[in-house]
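Values in this document were obtained by computation on a predicted structure and should not be read as measured data. Hydrogens, waters and symmetry mates play no part in the numbers below; they use all other heavy atoms, side chains included.
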Amino acid sequence: MAGTWTASRLEVSDVRSWSRLTVDLPPGGIVLSGPNGAGKTSLVEALVLACLGVSCRTSREAEAIRVGASALHVGLDLTGPDGARRRDIGYAPRTGRKLSIDGELVRSLGAWRAAGSVLVFLPEELRAVKGPPAARRRHLDRLLEAAVPGYADDLVGYGSALSQRNAALRSVRAGRTGVDAVLPWEPGLATTGARIITARRDAMRSLAEPFARWLADLGGGGGGIIGLEPSPTSLADVADTDLPAALAERLEAARDREISAAQTLAGPHRDDVFIGQQRGEGVTDLRRTGSQGEQRTAVLALLMAHREHLGARSGLPILVLDDVLSELDPTRRGLLLDAAVGQGQCILTTADPVAAQAAADRGARVLSVREGLLAA
């Protein structure tokens, strides 16, 4: 274990419905309990902002600013494997983010972000199983950005080269340029794409056993299976060391067809993640045929496997489970609470008093959230 991340004091100003709030967060299990609309998820959003610099609810941080306010601010005392830090983030629509650590301004979000410090389940995380391939890629990529140095840079580099190549493909099809305009972007796609595929493969191998174990432990039954479905599928049989050459050859072989389509039709940007379960002689694809309950359990098993993966590499992250307890039957709810409460810091939100009591029975501290007020 590389260490544990723990948030101890959260200070919120002008985030959603919260005007001003300071809350001391104990280690271990914490339950934010209160009716819908009381501001529980907004506190979760503030915590994620202070850890990662982005909202877990919207891609537009301006939407998180309280109505009538001009800017938001969140401060957080966060202890990680490298020690305790005071983290501050401010955001205003005209000026953007203002970031600091221990009172010192930090200009780069990448340098400021506490990567791997928090893992979040929101109800929409079900998209990581039943949603489109892009949702599953993003779920995996968030893990790799936190666990693999340089992975985030490779994603940016690949995305940039992909955009430029696609623009060149459109230009060639329109007759504005010749095919030579496409060629400069292909080496970058091949080299960064190979590193992305290799990292995803390594992660899938590492996550396979924890996912199967957690699926069983959370009541989903045995035989859980996950794996990378590469694009194109022929890459599945290519060794890691041969990937750059194989990608370069594919780009060359597909160039005429991709000029006609005006887009790059295959590559890591079209990878998918298989999520399934062995049942008797066959395998069920939970993405397409799993029930809502099976898919929810699979997402939680993935989340717990991701947490275990990060715990061994960059520190056990804070686990945030927003509005999940009421959606589980009592047996699965108990299994999840047994797994989550008592190992590192875990923050749960619920509008269900029975679920809150079930967490309290396992040692979690319940904080009551009522119309902009929070009390123990």
Side-chain angles (χ1 to χ4, degrees), residues 2 110 115-116 128 133-166 168-169 179-213 224-259 261 263-276 283 287 302 305-306 308-315:
R136 287 183 286 278
R137 283 196 303 273
R138 186 63 194 133
H139 198 256
L140 176 60
D141 286 342
R142 286 203 306 260
L143 171 71
L144 291 169
E145 287 169 351
V148 178
Y151 186 81
D153 292 335
D154 281 337
L155 282 180
V156 171
Y158 182 87
S160 176
L162 180 66
S163 295
Q164 297 286 359
R165 185 175 188 265
N166 285 344
L169 291 170
V179 70
D180 287 351
V182 177
L183 305 183
W185 310 109
E186 294 183 355
L189 275 181
T191 55
T192 56
R195 289 197 294 266
I196 289 168
I197 294 169
T198 298
R200 287 174 177 171
R201 285 177 171 180
D202 290 344
M204 287 290 96
R205 285 191 287 266
S206 176
L207 291 169
E209 187 278 328
F211 171 73
R213 172 165 38 84
I225 301 169
I226 56 173
L228 186 67
E229 293 183 338
S231 173
T233 56
S234 59
L235 292 180
D237 298 323
V238 177
D240 290 349
T241 54
D242 296 331
L243 280 172
L247 283 169
E249 290 170 6
R250 195 221 70 82
L251 289 168
E252 181 180 2
R255 194 178 296 136
D256 289 344
R257 183 162 60 95
E258 292 181 338
I259 288 172
Q263 61 177 311
T264 305
L265 297 172
H269 59 290
R270 296 220 170 165
D271 284 352
D272 200 353
V273 175
F274 178 80
I275 302 171
V283 174
R287 300 170 301 183
L302 271 177
H306 282 198
E308 191 173 310
H309 186 88
L310 287 173
R313 290 161 177 80
S314 57

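- A147 approaches P149 most closely through the heavy-atom pair O-CD, 3.6 Å.
- Nearest heavy-atom pair, F211 versus I225, reported as atom, atom and distance to 0.1 Å: CE2-N, 3.7 Å.
- Put simply, the side chain of R200 never gets that close to the backbone of L140: no donor and acceptor are under 3.5 Å apart.
- No donor-acceptor distance shorter than 3.5 angstrom exists from the side chain of S160 to the backbone of V156, with no hydrogens or angles considered.
- Within the model, atoms NE2 of H269 and OG1 of T264 stand 5.5 Å from one another, a figure rounded to the nearest 0.5 Å.
- Across all non-hydrogen atoms, the minimal contact from D271 to P133 is O-CB, 4.0 Å.
- Looking at every heavy atom in both residues, A305 comes nearest to L207 through O-CD2, 3.6 Å.
- Here the closest non-hydrogen pair linking R255 and V179 is CD-CG2, 3.7 Å.
- Under the rule for a ring pair (Phe, Tyr, Trp, His ring centres under 6.0 Å), Y151 has no partner lying at least two apart in sequence or in another chain.
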Without placing hydrogens or testing angles, list every side-chain donor-acceptor pair under 3.5 Å for residues 231-241, not counting sequence neighbours.
{"unit_1": "S231", "atom_1": "OG", "unit_2": "G267", "atom_2": "N", "d": "3.3"}
{"unit_1": "D240", "atom_1": "OD1", "unit_2": "R201", "atom_2": "NH1", "d": "2.5"}

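- Scanning for side-chain contact (heavy atoms from CB on, under 4.5 Å) contacts around H139 gives E125, A128, R142, L302, H306, with sequence neighbours left out.
- Listed by chain and number, the residues in a side-chain contact (heavy atoms from CB on, under 4.5 Å) with A261 are Q263, L265 (sequence neighbours excluded).
- With contacts defined as side-chain heavy-atom distances shorter than 4.5 Å, the pair V273/R137 does not qualify.
- For residues 150-161, the salt bridge (Lys or Arg N to Asp or Glu O under 4.0 Å) pairs, not counting sequence neighbours, are D154-R195.
- Between L155 and L144, the closest side-chain pair of non-hydrogen atoms is not below 4.5 Å.
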Exercise for the section: Report the C-alpha separation of R136 and E229 in whole Å, then their side-chain angles, then the decisive distance to 0.1 Å, and conclude whether the salt bridge (charged side-chain N to carboxylate O under 4.0 Å, His left out) test is met. Expected result: CA-CA 11 Å; R136 287 183 286 278; E229 293 183 338; over 6 Å; no
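- Looking at T192, its side chain does come within 3.5 Å of a backbone N or O of G188 through a donor-acceptor pair.
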Do any side-chain atoms of residues 242-254 form donor-acceptor pairs under 3.5 angstrom with protein atoms, and if so which ones, sequence neighbours left out?
{"unit_1": "R250", "atom_1": "NH1", "unit_2": "E258", "atom_2": "OE2", "d": "3.3"}
{"unit_1": "R250", "atom_1": "NH2", "unit_2": "E258", "atom_2": "OE1", "d": "3.4"}
{"unit_1": "R250", "atom_1": "NH2", "unit_2": "E258", "atom_2": "OE2", "d": "2.7"}

Practice task
Applying side chain to side chain contact (heavy atoms under 4.5 Å, CB included), run through F274 and I226 and close with a yes or a no.
Solution key: CA-CA 5 Å; F274 178 80; I226 56 173; over 6 Å; no
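- Considering CG of L169 and CD of Q164, their distance stands at 11.5 Å, rounded to 0.5 Å.
- For R313 (side chain) and V148 (main-chain N/O), no donor-acceptor pair under 3.5 Å exists by modelled atom type.
- Nearest heavy-atom pair, A146 versus L310, reported as atom, atom and distance to 0.1 Å: CB-CD2, 3.8 Å.
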